[in-house]
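Remarks on the structure that follows.
This is a predicted model, so every value here is computed, not measured.
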There are 2 protein chains.
Amino acid sequence: MTRKEARSRCPIATSLDIFGDRWSLLVVRDLMFTDRRTYGEFLAAGEGMATNVLAQRLEHLDCAGIIARTIDPTDGRRAMYRLTPKGMDLAPMLLEMVVWAAAHEETDAPPKLVAAMKRDRKRFIAGLRKVHGE
Amino acid sequence: MTRKEARSRCPIATSLDIFGDRWSLLVVRDLMFTDRRTYGEFLAAGEGMATNVLAQRLEHLDCAGIIARTIDPTDGRRAMYRLTPKGMDLAPMLLEMVVWAAAHEETDAPPKLVAAMKRDRKRFIAGLRKVHGE
DNA sequence: GATAACACTTGCTATTTGCAAGTTATCTTC
DNA sequence: GAAGATAACTTGCAAATAGCAAGTGTTATC
């Protein structure tokens with residue numbers, strides 16, 4: 001997916017230039033809400049992402065500064081990914097996306113989790129940041 | 001863009017099935033934040049969307065219940081679009097996207113507007129809802 | 001050294017996007 | 001009423017991306 005030169009500089013257009021596709025935010029989701037950290041784990045997430053697409057998305061998110069890649073010191077084959085602070089700052093948006101979908105679509109989000117998100121967004125996000133060592 | 005059968009029922013995956021592409025949220029943006037309401041106006045927004053892509057996106061958002069289409073009573077050629085309540089409920093997510101992009105990317109969002117969003121999200125969203133007659 | 005695992009890469013097909021001309025219905029002007 | 005303009009798409013083709021599955025190179029294990 002070659003990114004054309006920037007369109008407007010509108011924040012939403014700018015954001016969509018970075019993650020306006022079907023797969024990127026799924027990677028961010030896994031890093032944010034689950035303990036998946038490797039290429040193989042993202043592939044195994046059950047979303048049906050193709051290997052070339054995942055590789056390209058990881059690289060793009062890395063270049064955008066949303067995720068960071070390191071090599072597992074205990075296994076030189078394994079690349080580990082984590083969210084950067086810039087990536088963590090996507091939490092409010094992802095949270096609102098969860099809340100929206102839970103209200104308007106059929107999802108398997110645990111009702112208690114959604115309720116916790118809606119009850120106190122700031123607290124929920126603070127909890128995520130703590131988990132991620134921020 | 002043929003939508004494959006649903007992947008996981010995760011809220012984020014579900015949402016991305018609906019608007020996980022480069023163009024859909026730009027339509028929602030225009031309806032939410034500007035006074036663009038017609039096919040021609042969306043095309044003229046300066047984002048470089050192709051005509052066939054716009055037509056398909058409008059239809060898809062209509063089918064998803066996010067926008068609604070009516071014919072302008074004063075001009076039978078003109079289709080007018082508006083956000084449904086379901087579409088309006090995307091406001092918090094769009095707002096967080098704006099805030100994120102303003103913080104991490106170079107955008108032309110007016111600083112005062114971004115500050116108003118960050119200062120009191122609920123109030124800003126209430127203002128949007130009032131403008132949209134909710 | 002043989003085998004396996006990890007992270008991609010590659011070659012090909014299928015699908016979508018992008019471009020620009022085309023079509024149809026409605027409106028405006030004369 | 002006819003001619004011209006406009007609005008919303010549609011269409012045909014080229015370009016780009018997604019998807020599939022086999023392949024490759026490095027590292028780890030036995």
Closest listed nucleotide, where the reference is the side chain of [X] and the choices are [options]:
X: A/R77; options: C/dA5, D/dC9, C/dT9; answer: C/dA5
X: B/N52; options: C/dC8, D/dC9, C/dG18; answer: C/dG18
X: A/Y39; options: C/dC8, D/dT10, D/dG19; answer: C/dC8
X: B/T51; options: C/dT9, C/dC8, D/dC9; answer: D/dC9
X: A/R57; options: D/dA18, C/dG18, C/dA7; answer: D/dA18

Worksheet entry | Aromatic ring proximity, centroids under 6.0 angstrom, A/F42 and A/W23 | no
Practice prompt. Would you confirm whether A/K86, through its side chain, and B/W100, through its main-chain N or O, come within 3.5 Å as a donor-acceptor pair?
Written response: no
Response to the item:
Whole-Å distance, B/L43 CG to D/dA7 P, equals 11 Å
Discussion item. As a quick check of understanding, evaluate salt bridge (Lys or Arg N to Asp or Glu O under 4.0 Å) for B/R29 and B/E47, giving each step before the final call.
Written reply: CA-CA 12 Å; B/R29 170 203 71 179; B/E47 303 287 2; 2.7 Å; yes
Discussion item. Using heavy-atom distances to pick each residue's nearest nucleotide on DNA chain D, tell me which of A/D72 and A/V53 is more 5'.
Written reply: A/V53
Fill in: 5' precedence on DNA chain D between A/G76 and A/M49 (nearest-nucleotide basis)
A/M49
Practice prompt. For side chain to side chain contact (heavy atoms under 4.5 Å, CB included), just list the numbers for A/E106 and B/R9, CA-CA rounded to whole Å, side-chain angles, deciding distance to a tenth of an Å, and then say yes or no.
Written response: CA-CA 7 Å; A/E106 300 211 348; B/R9 304 290 285 277; 3.1 Å; yes
Discussion item. By the 4.0 Å heavy-atom rule, please label B/Y81 as base, sugar-phosphate, or nothing.
Written reply: sugar-phosphate
Discussion item. Check this one for me: any side-chain N or O of B/R69 less than 4.0 Å away from OP1 or OP2 of D/dC9?
Written reply: yes
